[in-house]
Amino acid sequence: MATRKNDAAWAEAKKRCRLNQNDIQMAKELGMSPESLLKNIPSPKQQWKAPVKDWVHDLYEEKFGSVKK
């Protein structure tokens with residue numbers, strides 16, 4: 001039961017953050033939850049904030065050295 005709820009949360013994060021499966025895998029390897037991705041979606045007033053996809057890529061590169069392709 002918990003797996004279905006978690007899968008649904010990841011699917012929602014994938015859709016709302018405009019991520020692909022590779023981006024989701026990188027976020028999971030970084031230890032992120034779907035909720036952390038959703039709460040970091042920049043609002044229109046936060047033009048300084050990078051999109052979630054770029055944010056995940058930057059964090060992954062900082063931690064592991066290179067981004068998966």
Side-chain angles (χ1 to χ4, degrees):
M1 191 72 172
T3 309
R4 286 184 187 166
K5 185 176 181 180
N6 198 21
D7 288 345
W10 279 110
E12 178 70 16
K14 181 178 178 180
K15 180 180 176 184
R16 289 189 50 204
C17 297
R18 298 181 179 145
L19 304 174
N20 59 33
Q21 192 58 40
N22 191 28
D23 300 328
I24 295 292
Q25 184 61 38
M26 286 193 292
K28 286 181 180 181
E29 288 178 21
L30 287 167
M32 295 180 173
S33 67
E35 292 81 22
S36 68
L37 296 176
L38 291 173
K39 75 177 187 178
N40 282 297
I41 296 173
S43 72
K45 292 184 178 182
Q46 295 175 319
Q47 294 183 359
W48 54 268
K49 203 174 197 183
V52 175
K53 184 174 190 144
D54 295 339
W55 179 61
V56 169
H57 282 250
D58 290 342
L59 290 175
Y60 191 89
E61 187 173 0
E62 191 175 302
K63 185 169 184 177
F64 297 110
S66 64
V67 175
K68 289 183 175 182
K69 298 252 177 181

### Message
Taking the six-membered ring of W10 as reference, does the cationic atom of K28 (NZ for Lys, CZ for Arg) lie under 6.0 Å from its centre and within 45° of its axis?
### Response
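Geometry flag: set, cation within 6.0 Å and 45°.
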### Task
May I ask you to decide if D58's main-chain N or O and E61's side chain share a donor-acceptor pair within less than 3.5 Å?
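Between the backbone of D58 and the side chain of E61 there is no qualifying donor-acceptor contact (under 3.5 Å).
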### Query
Do you know which two heavy atoms are closest between L30 and Y60, and how far apart they sit?
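Answer, listing the atom of L30 first, then Y60: CD1-N, 3.9 Å.
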### Task
Would you name the heavy atoms of A50 and P42 that are closest together and state the gap between them?
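In terms of heavy atoms, the two residues are closest at O-CG, 3.9 Å.
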### Task
State, with a plain yes or no, whether a side-chain heavy atom of P34 is found less than 4.5 Å away from one of N6.
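SC-SC contact between P34 and N6 confirmed.
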Point-to-point distance, once rounded to the nearest 0.5 Å, from [atom1] of [X] to [atom2] of [Y]:
X   : Y   : atom1 : atom2 : answer
E12 : C17 : CD    : SG    : 9.0 Å
W55 : N40 : CH2   : CG    : 4.0 Å
I24 : K14 : CD1   : NZ    : 7.0 Å
L38 : M32 : CG    : CE    : 12.0 Å
R18 : D23 : CZ    : CG    : 13.0 Å
L37 : K53 : CG    : NZ    : 12.5 Å

### Message
If you count heavy atoms of other groups shown closer than 6.0 angstrom to CD of E62, is the number above 12?
### Response
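Not buried by this count: 12 neighbours or fewer within 6.0 Å.
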